[in-house]
Amino acid sequence: MNPDHPCIVQRDFTVLLEMGLPGSEWARSQLQIYAELVKSPSAFHTYHITPLSLWNAAALGWSAEDIQNSLYSMSRWDIPRDLLNDVEQLVSRYGTLTLSRGMKEDGGIKTGKANSYTIGDRLILAAETPALLNELLTKQELKQLGLLRVDEESASVPPENRGLLKQELTRLGYPVVDTAGYLEGNQLSFTLGKGQTKLQLRDYQVKAADAFEGADGLGGSGVLVLPCGAGKTVIGMAVMNRLQCEVLILTSNTTSVRQWVEELKQKTDIPADSIGEYSGQKKEVRPITVATYQILTHRRTKDGDFEHMKLLSERKWGLIIYDEVHLLPAPVFRATADIQATRRLGLTATLVREDGCERDVFSLIGPKRYDMPWKELERQGWIAQVDCVELRLPMTAELLERSMRAEGRQQYRIAAENPIKLEAVRSLMQHHSGLPTLIIGQYLDQLRTLAQELGVPLITGSMSQTERVRWFDAFRKGVIRTLLVSKVANFAVDLPDAAVAIEVSGSFGSRQEEAQRLGRILRPKSGENKAYFYALVTENSKETDFAARRQLFLIEQGYEYAVRRFSVTEAIGSRDAKPGDRGKKKEA
DNA sequence: AAGTCCGTAA
DNA sequence: CAGGGTACGGACTT
């Protein structure tokens, strides 16, 4: 124990990390692996060690001892003995239950007590100790899944309940290592790159694909977490390439469907007519099929079921890719429980769900296999270095009065629409004049006011696609330097990259949204490779708390928000400089 | 017969 | 919370 160490480890699974000490950065990178950031006010960041965070670390190969040693190495004081024991116990649970096809290691069929059962196609759930199995067999939820005792340490289960069993056991606190293997799926041979030009994979892209494959080459389910701009589709293709099979790719929207299709045509030698789009517009089922989550979850009639869900078993897919797996809707979870014999790859930039279904991602898609911190990608120069600033704006007396009269949920909006934000935006635009700038917000009223006052074009959902593309092109060419965008910025794949992002308002505490918006300025920049992110927040308001929550994911990734105050005098200063600035934007 | 636009639903 | 995307059927156009 060492008074200079940055962490205070508490009995309740909380770790306090003091920032700004020599060991702080290293501690943060350690905690990122087996803990979750829950609060980050000023000097102390609060992390939580949860069963799930421990199991994900275990799946990455961390033992209880590794984690304990890591905690020792950064802890300021003695670590509560009981906590160390609990960590030991939780981590060791990963691996005490395995699911397999009724084979023994020597390859022979496991028969158990003579004539006591027939294995048939049933899967074998093996526990490390008889006591554990006994305990599980008392659980009603598991009996309902057809769990039958085979011998002292194992039970059998019908293969169709493979997913539900894992989901239930994870909920009960006993994660299962699934070694029951996968169906091979229809074969499809192809190479990465076209003709002579091979697709050059980056170092970490190869590592990510390796991690999915597993050291034994038997892997085939799990999640790869990579920042925006890391080339998730390329990694997907690298995995596909190793498996050489037919693949179903699920994505969150049609633009992204088209993007997958385009990239596959561009970067592989798979014939164009072997790649299909399955969406509202087209219903092509080809050896490589790209579909939206939406179409799978769509119900035509009120009583009807999910008629498109059969796509999951329509062909013998050798792999299903879940792009942006953090957005996976509940019905697709349910359907995924039924197809556990198919390989599953989840891709995401933020493995956080605001609905708390991380556990289902873990049990039904698979554990986290690879996680590249955003800052690491930045260090390697693949994405721009971003300066994040939380710009705090005063609450005027008038605003405060309106806020006091309003209901709780209206108060947030009043703070978010603080009119001083206009002056702040003006001042930031002036400060970064010449750099491509996106102003992103959530309330159309606010955005329209800004558009009018600043003379900047506004893109919202109601603007037709063709008109959007026109503005995007003008922005890309540098004809216009600034764009105002609504929530379309959260999804539009074709939104051009910028060097400055100014967030004027956002949905409550969405960590995903914040990450997505930062992602808009990450493409590498010529010259210094720098970009600037500003979150405009009204001081002492409902907005302050939500802003802090939004930032958690990025802070976990190593970003730091410098807090600055925007004063009214500054606002007046920028007003003086307004005419020239305005004139420049007007020509847009 | 096929494409486009629009309102609705969840 | 407000806003946006998606799928789909029906009306209308080509």
Side-chain angles (χ1 to χ4, degrees), chain A residues 249-261 276-285 289-311 323-324 326-332 334 354-355 402-403 406-418 438-451 458-469 471-472 483-495 503-514 516-517 520 537-538 541-547 549-550:
Chain A
I249 300 162
L250 304 176
T251 75
S252 54
N253 58 55
T254 41
T255 323
S256 149
V257 167
R258 311 255 153 82
Q259 192 171 288
W260 270 96
V261 170
E277 166 180 335
Y278 195 96
S279 66
Q281 288 92 58
K282 293 181 186 173
K283 301 282 184 294
E284 302 162 347
V285 183
T289 300
V290 193
T292 57
Y293 290 129
Q294 238 106 353
I295 193 131
L296 292 185
T297 56
H298 188 262
R299 299 172 202 243
R300 187 192 298 250
T301 53
K302 283 183 187 75
D303 53 309
D305 42 15
F306 305 102
E307 54 173 333
H308 295 296
M309 207 63 95
K310 63 178 190 297
L311 181 62
D323 193 15
E324 308 205 56
H326 59 282
L327 299 173
L328 198 93
V332 181
R334 261 166 253 140
E354 312 301 344
D355 66 358
R402 271 212 295 148
S403 179
E407 281 180 64
R409 55 182 184 279
Q410 277 298 312
Q411 291 181 345
Y412 175 76
R413 182 162 183 164
I414 291 170
E417 294 189 314
N418 187 344
L438 292 175
I439 304 166
I440 312 175
Q442 123 130 344
Y443 298 108
L444 296 179
D445 288 345
Q446 175 186 38
L447 293 170
R448 278 191 281 259
T449 310
L450 288 170
L458 167 65
I459 317 290
T460 69
S462 61
M463 182 184 271
S464 74
Q465 285 296 335
T466 43
E467 206 178 342
R468 281 189 218 186
V469 170
W471 285 115
F472 290 167
L483 273 185
L484 268 155
V485 279
S486 69
K487 278 179 79 164
V488 295
N490 295 10
F491 302 102
V493 181
D494 48 349
L495 179 65
E503 177 177 57
V504 293
S505 55
S507 35
F508 300 82
S510 174
R511 295 168 284 179
Q512 279 169 35
E513 188 178 74
E514 189 89 344
Q516 190 72 249
R517 288 174 172 181
R520 293 301 179 188
V537 180
T538 301
S541 73
K542 282 270 187 312
E543 204 185 12
T544 325
D545 310 334
F546 285 116
R549 188 172 159 66
R550 303 172 58 81

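In what follows, chains are A, B, ... by sequence order, proteins preceding strands, each numbered from 1.
In terms of the ring pair (Phe, Tyr, Trp, His ring centres under 6.0 Å) criterion, residue partners of His308(A) (sequence neighbours excluded) are, by chain and number, Tyr278(A). Considering only residues two or more places apart in sequence or on other chains, Gln294(A) meets the side chain to side chain contact (heavy atoms under 4.5 Å, CB included) condition with Thr292(A). By the ring pair (Phe, Tyr, Trp, His ring centres under 6.0 Å) test, Phe508(A) is found to be paired with Tyr412(A), Phe546(A), residues two or more places apart in sequence or in another chain being considered. Residues satisfying the side chain to side chain contact (heavy atoms under 4.5 Å, CB included) test with Asn253(A), not counting sequence neighbours, are Thr255(A), Ser256(A), Phe491(A), Val493(A).
At distances below 3.5 Å, at least one donor-acceptor pair connects side-chain atoms of Glu354(A) with backbone N or O atoms of Arg511(A). Put simply, the side chain of Glu514(A) never gets that close to the backbone of Arg550(A): no donor and acceptor are under 3.5 Å apart. With Gln442(A) contributing its side chain and Ser505(A) its backbone, the two residues share no donor-acceptor pair below 3.5 Å.
Closest non-hydrogen pair, Asp323(A) versus Trp260(A), comes out as OD2-NE1, 2.9 Å.
The nearest whole Å value for the distance from the CG atom in Leu495(A) to the C1' atom in dG4(C) is 14 Å. Here dA10(B) presents its P atom at 15 Å from CG of Asp305(A), a figure rounded to the nearest Å. Spacing between atom CG of Asp494(A) and atom C1' of dG4(C) amounts to 14 Å, rounded to whole angstrom units.
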In 5'-to-3' order, the base (B), backbone-only (S) or no-contact (-) status of each nucleotide in nucleotides 6-14 of chain C, using a 4.0 angstrom heavy-atom cut-off, is SSSS-----
Show each protein N/O and nucleotides 1-3 of chain C N/O combination with a separation under 3.5 Å, one pair to a line.
unit_1	atom_1	unit_2	atom_2	d
dG3(C)	OP1	Leu444(A)	N	3.2

